[in-house]
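Atoms within each ligand, like the ligands themselves, are counted from 1 in listed order.
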Amino acid sequence: MPENDRMEPIFADDAAIEHAANLLRKGRLVAFPTETVYGLGADAFNPDAVRRIFQAKGRPADHPLIVHIPSIDSLNDWALTVPDAAQQLAERFWPGPLALILNKRPEVPLEVTGGQNTVGLRMPDHPVALRLLQAFDGGVAAPSANRFCRISPTQAAHVAEELGDAVDLILDGGACQVGVESTIIDLSGDRPRLLRPGHITRSEIEAVLQAELTIITPQVTPSELRAPGMMAVHYAPVTMALLCPTDHLQRMVQELILHNKRISILALNATDSVLAEKRIIRVIRMPGQADDYAQALYASLRELDSLHLDMILVEQPPDTEAWRTVNDRLGKATSAYLPK
Ligand code: TXA
Ligand code: MG
């Protein structure tokens, strides 16, 4: 593609949003901001438009998409039934970073659901996303607006870099406030299951449901893995990234530098003396609070990745509940754990 065919983001004012809704009606692709990450949207009832999403991302067709809806009431347009648990969670957390998997109505295209009889639904908490959904007056199927297995975009410029030649419009609504993908709860079976951790925590969900969530992890039920977000390598930078416990960071840095490796560090608690090593090419010090860290994570990884160094060393956060979502995404972004 010639340079001038690359789509640049446009400020999401009323006219731009109206234009975006018209493009969606014509089966075109619109990237838009949500509170979690930017989405690559298409009319969820238009199978051709949905197929274009998979082409643009390079994503296998059997990976289901989340349908973004403008209200809790519109759950009924997509879900065969709305169980009490779904109604309660939607009332408590929507609009917000929570996706619900429910049994689908027969008219929901199989292109959206990856051939499954369940559908993922979410009402996002971002003024631009909500205005777009209201203007379009329907469901917008949207995965994160990145190429398959790459880092999710949290700014409009990230979308332009990665998918600028494949989208018809990029709405710029600023940097995403949550910064990591939504919590996914599967309510299509007998028991509620957590498919992907996110900003809304397991205990917040369990408090509303008054029930324990079954936690689905790759180790537990590999045959049941339907979410690409649960594959071992996902959201990954091109540069090799390694998780390193704080205690081992200094030794690891010395060893890598001794071997002439050009490295950067995503630091958390490391002391200034460790990070002061002059041959480290770039250090990003991350926020000490997990939600703030999550908000900054993907943009920081992108920045370090763009330096094309030999390695990104990621200082391992604490193994506590507060850091669950960050640790989940870091586990997917890094290729291996360093030996203790
Ligand atoms: O925060 C988010 O959820 C963002 C923004 C754009 O809303 N979207 C997002 O979409 O992360 P995507 O496609 O990158 O991830 C959606 C996840 C995938 O792991 C997919 O497998 C899962 O949701 N999913 C969607 N429908 C499903 C279904 N019917 N059954 C199981 N998993 C489903
Ligand atoms: Mg994604």
Next item on the list: Kindly determine whether I17 and F32 satisfy side-chain contact (heavy atoms from CB on, under 4.5 Å), including the steps that lead there.
Entry: CA-CA 10 Å; I17 288 172; F32 62 98; over 6 Å; no
Next item on the list: Give a yes or no on whether the backbone of G179 and the side-chain of Q295 come within a donor-acceptor separation of less than 3.5 Å.
Entry: no
Checklist line | Atoms of ligand 1, numbered as shown, that sit under 4.0 Å from any heavy atom of L65 | finding: 25 (C), 26 (N)
Margin query: I'd like to check whether Y38 has a polar contact with ligand 1, where a contact means an N/O of the residue lying under 3.5 Å from an N/O of the ligand.
Written below: no
Notebook entry, point to check: Stepwise, does the salt bridge (Lys or Arg N to Asp or Glu O under 4.0 Å) test hold for E18 with R131?
Noted result: CA-CA 9 Å; E18 200 49 55; R131 277 153 65 209; over 6 Å; no
Notebook entry, point to check: Would you call D43 and R51 a salt bridge, using N to O less than 4.0 angstrom?
Noted result: no
Notebook entry, point to check: Can you tell which of I53, I101, D186 gets a heavy atom nearest to atom 30 (N) of ligand 1?
Noted result: I101
Notebook entry, point to check: Hey, is the main chain of A270 close enough, under 3.5 Å, to the side chain of E315 for a donor-acceptor pair?
Noted result: yes
Checklist line | Which residues share a ring-ring contact (aromatic ring centres under 6.0 Å, His included) with W94, sequence neighbours left out | finding: none
Checklist line | For atom 13 (O) of ligand 1, the option (of R59, K104, H63) bearing the nearest heavy atom | finding: R59
Item checked: Backbone or side-chain N or O of E181 under 3.5 Å from ligand 1 N or O -> no
Checklist line | Which of the ligand 1 atoms, numbered from 1, are nearer than 4.0 Å to a heavy atom of I184 | finding: 17 (C), 22 (C), 23 (O)
Notebook entry, point to check: Side chain or backbone of T36 under 4.0 Å from ligand 1, or both, or neither, by non-hydrogen atoms?
Noted result: side chain
Check: Can you tell me if K57 uses its side chain to pair, donor with acceptor, with the backbone of A145 under 3.5 Å?
Finding: no
Check: Can you tell me if T113 has a non-hydrogen atom under 4.0 Å from ligand 1?
Finding: no
Item checked: Residues, nucleotides or ligands: over 12 heavy atoms within 6.0 Å of E277 CD -> yes
Next item on the list: May I ask you to list the atoms of ligand 1 that are less than 4.0 angstrom from any heavy atom of R196?
Entry: 2 (C), 3 (O), 9 (C), 11 (O), 15 (O), 16 (C), 17 (C)
Next item on the list: Specify whether an N/O/S atom of N146 falls short of 2.8 Å from the Mg ion (ligand 2).
Entry: no
Notebook entry, point to check: Which atoms from ligand 1 have a heavy atom of S144 less than 4.0 Å away?
Noted result: 8 (N), 9 (C), 10 (O), 12 (P), 14 (O)
Next item on the list: Any atoms of ligand 1 less than 4.0 Å from a non-hydrogen atom of H68? List them with their elements.
Entry: 5 (C), 6 (C), 7 (O)
Notebook entry, point to check: Going by an N to O cut-off under 4.0 Å, is there a salt bridge joining R122 and E35?
Noted result: yes
Checklist line | Ligand-side contact atoms (ligand 1) for residue partner T118, heavy atom cut-off under 4.0 Å | finding: 28 (C), 29 (N), 30 (N)
Checklist line | Nitrogen or oxygen atoms of S182 and ligand 1 under 3.5 Å apart | finding: yes
